[in-house]
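Notes for the one structure printed next.
In what follows, residues are counted from 1 in the order of the sequence shown.
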Amino acid sequence: MGILIDVLLIIVGVVIVLWGADRLTEGSVAIASKIGVSQLVIGLTVVALGTSMPEFCVSFVSALKGTADMAVGNVVGSNVFNAMLIVGVAAMVAPMCVMRQTVRKDLVFAVAASVIMGALVFDREISRADAVILSALFIVFMWITLKGAKKDDPGESALSPQSVPSMWRGAMWIVLGLAALVGGSNVFVDSASSLAIAFNVPDAVVGLTIVAGGTSMPELATSVVAARKGNSGIAIGNVIGSNVFNILFVVGLTGVVCPMTVSGITWIDLSVMIGSMCLLWLFAYTKLTIARWEGAVLTALFVAYMAWLILQSA
């Protein structure tokens, strides 16, 4: 009976997350169009922060409870989910156009953040000094992103302010969407983690798979919905922003409050995280588009990595 309840709660969580993603996308587009901020900036900031809150809550609580492997595994796994599965599925739904600025600045920053985290975790510890470095880099990223927030991008002029909801309605959808995303994700993660723990799966594997998948559901739903609606700026910005937030904000703030000793995250896991971002940058660099076949490649690599993790834990 307990397993059946968990399965039902997982389904409920999925439904809530999908609804929240639709509302969040609609509200974000409304705000971006009304105040003249590009969809990319909205995706890199408001949407990315909101969809990264499940990762932050899970990692922070995990670290406080002494399960650092789940905390760090959640971030590493979520970033792999974002770069491979989410971009892959979104690109297969609708090819994603990528701005030159994104390739030259935002994706490069995301790759650099992944490499820095890999280097810091290499000694199996996130010390308070490491966390301060990550937090400082997060402030730099936000400053650089917001500095150009008012620069109009002609590539995103398809939406007119008259064609979208008002400011107050857009703000209301953002709040309701974020609440649904966080609430639905928490229901999903709690139920999925309960099932995984019942089968004695290690903390690191739970973090890299079940928990990472659950906390990445907002990014998946938001990016797929945004791509389907033709808002590729929000779709790709959400993924890049979320990956940067996960590393610099989630690990940074968590590590400042509670330094972590990591044992279950291997160099293979870190290499996959770094490699996935490098591959995403390479696909975006060519023709400034992530085509359907490139999305299929990313998705296939993600499935192969998940299969390897499951075989390793068996």
Are the side chains of [Y] and [X] in contact, using a 4.5 Å heavy-atom criterion?
X    : Y    : result
T299 : M84  : no
D269 : L309 : yes
I290 : L280 : yes
V98  : T289 : no
V251 : M117 : yes
V89  : L85  : yes
N79  : M277 : no
C97  : L288 : no

Can a side-chain donor-acceptor contact be found between S78 and N246 if the only test is distance below 3.5 angstrom?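 No pair is found: no donor N or O on one side chain lies under 3.5 Å from an acceptor on the other.
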
Quick one: do the S242 and N82 side chains pair a donor with an acceptor below 3.5 Å?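 The answer is no; no qualifying pair exists.
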
Do F245 and F56 have their ring centres less than 6.0 Å from each other?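 That pair fails the under 6.0 Å test.
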
Step by step, work out the side chain to side chain contact (heavy atoms under 4.5 Å, CB included) result for T67 and V61. CA-CA 9 Å; T67 55; V61 172; over 6 Å; no

Rounded to the nearest 0.5 Å, how far apart are [atom1] of [X] and [atom2] of [Y]?
X    : Y    : atom1 : atom2 : value
L298 : M92  : CG    : CE    : 9.0 Å
L248 : I116 : CG    : CD1   : 7.5 Å
R128 : M260 : CZ    : CE    : 11.0 Å
L8   : L4   : CG    : CG    : 4.5 Å
D69  : S263 : CG    : OG    : 4.0 Å
F283 : C278 : CZ    : SG    : 12.0 Å

For a quick test of reading the model, state the closest non-hydrogen atom pair linking [X] to [Y] and the distance between them.
X    : Y    : answer
V103 : W281 : O-NE1, 3.0 Å
M96  : I236 : CE-N, 3.7 Å
G252 : S135 : C-OG, 3.4 Å
S223 : A90  : O-CB, 4.1 Å
A212 : G77  : CB-C, 3.4 Å
C258 : A63  : SG-O, 3.5 Å

Within one Ile-Leu-Val-Met-Phe-Trp-Tyr cluster: [X] and [Y], side-chain cutoff 4.5 Å:
X    : Y    : answer
F122 : I274 : no
W293 : V93  : yes
V239 : V108 : yes
V15  : L176 : no
V225 : V87  : no

Candidate pair I144 and K105, rule side chain to side chain contact (heavy atoms under 4.5 Å, CB included), full reasoning: CA-CA 9 Å; I144 292 174; K105 185 186 71 175; 3.7 Å; yes

Before you tell me yes or no, could you show the steps for V121 and I126 under side chain to side chain contact (heavy atoms under 4.5 Å, CB included), namely the whole-Å CA-CA distance, both residues' side-chain angles and the distance that decides it to 0.1 Å? CA-CA 6 Å; V121 179; I126 295 291; 3.5 Å; yes

R100 CZ: over 12 foreign heavy atoms closer than 6.0 Å: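 Check fails, neighbour count at 12 or below.
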
Taking D190's backbone N and O only, do any of them form a donor-acceptor pair with S194's side chain (distance below 3.5 Å, no angle check)?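 No; judged by distance alone, with no hydrogens or angles, the pair does not exist.
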
Which is it for I247 and N243 under the side chain to side chain contact (heavy atoms under 4.5 Å, CB included) test, yes or no, and what are the steps along the way? CA-CA 6 Å; I247 293 174; N243 277 21; 5.6 Å; no

Pairs where residues 279-290 contributes a residue and the test salt bridge (Lys or Arg N to Asp or Glu O under 4.0 Å) is met, not counting sequence neighbours: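 For residues 279-290, and leaving out neighbouring residues, there are no salt bridge (Lys or Arg N to Asp or Glu O under 4.0 Å) pairs at all.
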
Contact list for residues 76-108, test ring pair (Phe, Tyr, Trp, His ring centres under 6.0 Å), sequence neighbours left out: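 Residue pairs with at least one partner in residues 76-108: F81-F302.
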
